[in-house]
Amino acid sequence: MDLRSAQWYAGTDRNAYIHRAWMRRGLPDSAFTGRPHIAIANTASDLTPCNAHLDEVARSVANGVHEAGGVPLNLPVVSLGETQVRPTAMLWRNLAAMAIEEMLRANPIDGVVLLGGCDKTIPALLMAAASVDLPAVVVPGGPMLTGHFRGTPLGCGTDVWRLSEEVRAGTLSQEAFLRSESAMIRSKGHCNTMGTASTMACMAEALGTTVPGIAGTPAPDSRLLALAQETGRLAVELVAEDRRPSTILTSGSFRNAIVTLAAIGGSTNAVVHLLAIAGRLGIDLTLDDFDRTGSGVPLLVDLQPAGRHLMDDMYRAGGLLAVLNEVRDLLDPEALTVTGRPLVEQLTDAEIWDESVIRRRADPLLPDAGIAVLRGNLAPDGAVIKPAAASPELLRHRGRAVVFDSVEDLHARLDSPDLDVDETSVLILRGCGPKGYPGMPEVGNLPLPAKLLAKGIRDMVRVSDARMSGTAYGTVVLHAAPEAAIGGPLSLVRTGDIVVLDVPARRLDVELSTVELGQRQPADVRAAAPARGWERLYIDHVLQADKGADLDFLVGSSGDRVSRESH
């Protein structure tokens with residue numbers, strides 16, 4: 001087996017001497033003569049609280065690498081804490097992917113284990129791995145255990161939105177709301193709802209990039225460490241078999257991910273992440289594929305925000321493989337996993353143990369749960385909505401627009417008693433796309449006006465060029481493209497215009513003629529204009545949401561080759 005790391009370590013010249021000598025520090029001679037070097041790309045960080053336990057997971061991975069005869073190497077990489085970084089973690093997903101890619105390519109490694117959990121970390125790791133194309137396998141960090149408040153289970157994220165609206169409505173005291181804070185996050189791990197973190201762990205498994213059965217294993221569960229050790233052993237096998245992302249990730253893999261996204265009621269954020277990952281591989285995945293493939297797939301997992309339960313319930317009920325076994329006929333039978341075997345072959349023994357959590361195909365939570373892709377004169381390049389999290393009666397709706405030009409404008413006017421709004425209105429937020437904010441933040445699930453909350457209203461149609469948290473819910477249209485900040489049609493809408501949402505017909509329109517729209521001047525909603533640094537680079541090169549919001553020069557791959565020596 002010709003190892004890539006031998007390009008650094010083999011030989012008797014000065015450069016080989018330097019590479020070996022500085023890495024010895026306890027490593028024996030055998031470490032440099034035929035043993036694969038496996039990087040553990042570790043997004044652990046105290047400022048990414050959902051990933052803070054990944055150092056422990058990394059130790060189990062390292063044990064598995066050792067066991068299989070490899071040399072494990074901890075490689076801390078850029079980490080993004082969804083709840084912590086401002087203005088939005090999405091601003092740095094591409095930076096993390098670019099930095100990870102460059103470090104994987106630049107270092108003397110033969111394969112990599114990718115440790116992620118919080119929302120942007122698994123997408124960034126997979127984008128990087130796809131572009132450098134070294135043998136790679138993912139270990140998701142796992143969801144936290146369920147916390148309880150007043151005897152009721154709390155869904156992190158989902159119940160933050162719900163409880164905070166009840167405070168604004170006057171039905172929950174501020175004191176009670178704050179008491180729930182200490183109960184929300186019970187243990188290590190990422191969100192326990194089917195938010196973006198849980199969704200992307202499931203996407204990683206559906207794509208075939210994990211040991212089958214690992215997605216959704218709770219972070220405190222000892223079985224996660226056992227599977228992490230198994231993954232370390234598998235990483236050495238991947239190198240020996242030269243099993244790379246480009247040999248595993250195919251169009252069929254992405255079809256499997258889209259079917260999975262619908263069946264689990266996953267986050268709309270998976271759309272931009274899967275588009276970006278596919279773009280790194282040269283796979284022609286489009287927004288319409290999500291509707292074409294996901295349409296008609298039943299929602300089988302009764303999990304917040306689309307249902308009632310939480311991730312540790314899904315795990316004990318049979319986990320992701322049990323879900324996929326119910327829709328096995330919809331999966332690509334040839335799409336492989338990192339094991340070298342097709343995904344469908346991993347499903348034979350998967351059983352449902354609690355049908356109140358994971359439904360049978362014949363008794364779905366919803367018969368049609370895929371992400372719906374909308375088009376029309378408000379979103380000519382597409383927008384998305386998650387019907388499973390919406391109010392059924394609002395999926396066809398006609399209402400008067402109430403327009404906000406920015407998040408700041410929204411916060412300044414939303415609760416004004418003078419705001420001309422009622423429950424039939426359509427709230428529109430613009431200026432929050434990739435270039436407008438910048439970074440396309442999770443603000444699309446606009447809070448409702450206080451005077452409507454006081455009347456008992458808990459959902460309205462909302463439209464924006466932003467994203468929303470995977471833990472959020474409501475009749476929320478997102479990712480409208482092109483965004484307002486580059487002259488997209490959202491910039492032409494005025495308060496009082498009539499907006500028509502028709503999800504069954506896949507339409508989003510304003511009742512204005514092409515001539516009328518063409519005669520309007522765009523609102524003063526402009527792209528951000530940073531003077532320097534990453535934000536400047538981002539604004540100059542970021543693609544729109546329908547293209548995955550990657551940077552234009554990062555689409556595609558460069559492989560693992562490094563042509564020049566360092567000394």
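In this structure, L543 and L551 have side chains that are not in contact, with every pair of non-hydrogen atoms separated by 4.5 Å or more. You'll find the side chain of D313 stays beyond 4.5 Å of the side chain of Y315, heavy atoms only. The closest side-chain heavy-atom distance from V402 to V426 is not below 4.5 Å. In this structure the side chain of M90 reaches within 4.5 angstrom of the side chain of V272, judged on heavy atoms. In this structure the side chain of V463 reaches within 4.5 angstrom of the side chain of V461, judged on heavy atoms. Looking only at side-chain heavy atoms (C-beta outward), Y538 and P434 come within less than 4.5 Å of each other. The side-chain heavy atoms of H273 and T196, taken from C-beta on, include a pair separated by under 4.5 Å. Between L365 and V301 there is no side-chain heavy-atom pair separated by less than 4.5 Å.
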Tell me, with the steps shown, if V510 and I498 meet side chain to side chain contact (heavy atoms under 4.5 Å, CB included).
-> CA-CA 6 Å; V510 59; I498 300 301; 6.0 Å; no

Where do I385 and V503 land on the side chain to side chain contact (heavy atoms under 4.5 Å, CB included) test, with the steps shown first?
-> CA-CA 8 Å; I385 187 171; V503 175; 4.1 Å; yes

Kindly determine whether C156 and T471 satisfy side chain to side chain contact (heavy atoms under 4.5 Å, CB included), including the steps that lead there.
-> CA-CA 8 Å; C156 58; T471 66; 5.9 Å; no

Please test D502 against R398 for salt bridge (Lys or Arg N to Asp or Glu O under 4.0 Å), starting from the C-alpha separation and ending with a verdict.
-> CA-CA 9 Å; D502 189 340; R398 181 178 181 274; over 6 Å; no

Can you list the steps and then say if L501 with R396 is a side chain to side chain contact (heavy atoms under 4.5 Å, CB included)?
-> CA-CA 6 Å; L501 171 67; R396 277 197 176 102; over 6 Å; no

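A donor-acceptor pair is defined here as one N or O able to donate and one able to accept, closer than 3.5 Å; no such pair exists between the side chain of S425 and the backbone of V421. Side-chain atoms of D459 come within 3.5 Å of backbone N or O of T475 as a donor-acceptor pair. Side-chain atoms of R462 never come within 3.5 Å of backbone atoms of L427 as a donor-acceptor pair (strictly under, hydrogens ignored). In this structure a side-chain-to-backbone donor-acceptor pair under 3.5 Å is missing from R507 to V500. Formation of a donor-acceptor pair under 3.5 Å by the D312 side chain with backbone atoms of T146 is found in this model. Looking only at distances, no side-chain donor or acceptor of R93 sits under 3.5 Å from a matching main-chain atom of A124. A donor-acceptor pair is defined here as one N or O able to donate and one able to accept, closer than 3.5 Å; no such pair exists between the side chain of S406 and the backbone of G431. In terms of modelled atom types and a separation under 3.5 Å, the side chain of T209 and the main chain of A204 share a donor-acceptor contact. In terms of modelled atom types and a separation under 3.5 Å, the side chain of D415 and the main chain of A450 share a donor-acceptor contact. Side-chain N or O atoms of E205 include one that pairs as donor or acceptor with a backbone N or O of I214 at under 3.5 Å.
One side chain, D289 or T286, offers a donor N or O that lies under 3.5 Å from an acceptor on the other. In the model, H309 has no side-chain atom that pairs as donor or acceptor with a side-chain atom of D302 under 3.5 Å. Inspection of the E442 and N269 side chains reveals an N or O donor paired with an N or O acceptor under 3.5 Å.
Between R458 and E165 no salt bridge is recorded (no basic side-chain N to carboxylate O distance below 4.0 Å). Between K435 and D465 there is no salt bridge, since no side-chain N of the basic residue sits under 4.0 Å from a carboxylate O of the acidic one. Taking 4.0 Å as the cut-off between side-chain N and carboxylate O, R400 and D422 do not count as a salt-bridged pair. Ion pairing between a basic and an acidic side chain is recognised when a charged N comes within 4.0 Å of a carboxylate O; R430 and E483 show no such pairing. Using a 4.0 Å cut-off between charged side-chain N and carboxylate O, D497 and R494 make no salt bridge. In this structure, R413 pairs ionically with D409, as a charged nitrogen and a carboxylate oxygen lie closer than 4.0 Å.
Across A183 and F149, no two heavy atoms sit closer than the pair CB-CB, 4.3 Å. Heavy-atom minimum distance, T199 versus S267: OG1-N, 3.0 Å. Scanning both residues, P333 and V344, for their nearest heavy atoms gives O-CG2, 3.7 Å. Contact record, V555 with G279: CG1-O, 3.5 Å, taken as the closest heavy-atom pair. Closest non-hydrogen pair, L490 versus A480, comes out as CD1-CB, 3.9 Å. Closest approach of N192 to L154, counting heavy atoms only: ND2-O, 3.2 Å.
How far OG1 of T268 is from CE of M468: 5.0 Å, rounded to the nearest 0.5 Å. Rounded to the nearest 0.5 angstrom, D381 CG and D546 CG are separated by 5.0 Å. Taking CD of E82 as the reference point, atom CG of N51 lies at 11.0 Å (rounded to 0.5 Å). To the nearest 0.5 Å, atom OH of residue Y473 and atom OG1 of residue T193 are 11.5 Å apart. Taking OG of S253 as the reference point, atom CZ of R255 lies at 8.5 Å (rounded to 0.5 Å). Atom-to-atom distance recorded for L287:CG and Q544:CD is 12.0 Å, nearest 0.5 angstrom.
By the 6.0 Å contact criterion, CD on E516 is enclosed, its count of non-hydrogen atoms from other residues, nucleotides or ligands being greater than 12. For E393, the CD atom is densely surrounded, since the number of other residues' heavy atoms within 6.0 Å is greater than 12. No more than 12 heavy-atom neighbours from other residues, nucleotides or ligands sit within 6.0 angstrom of CD on E181. Other residues, nucleotides and ligands contribute only 12 or fewer heavy atoms inside 6.0 Å of the CZ atom of R526.
Shown are R359, R360, R361; of these, the salt bridge (charged side-chain N to carboxylate O under 4.0 Å, His left out) with D363 is made only by R359.
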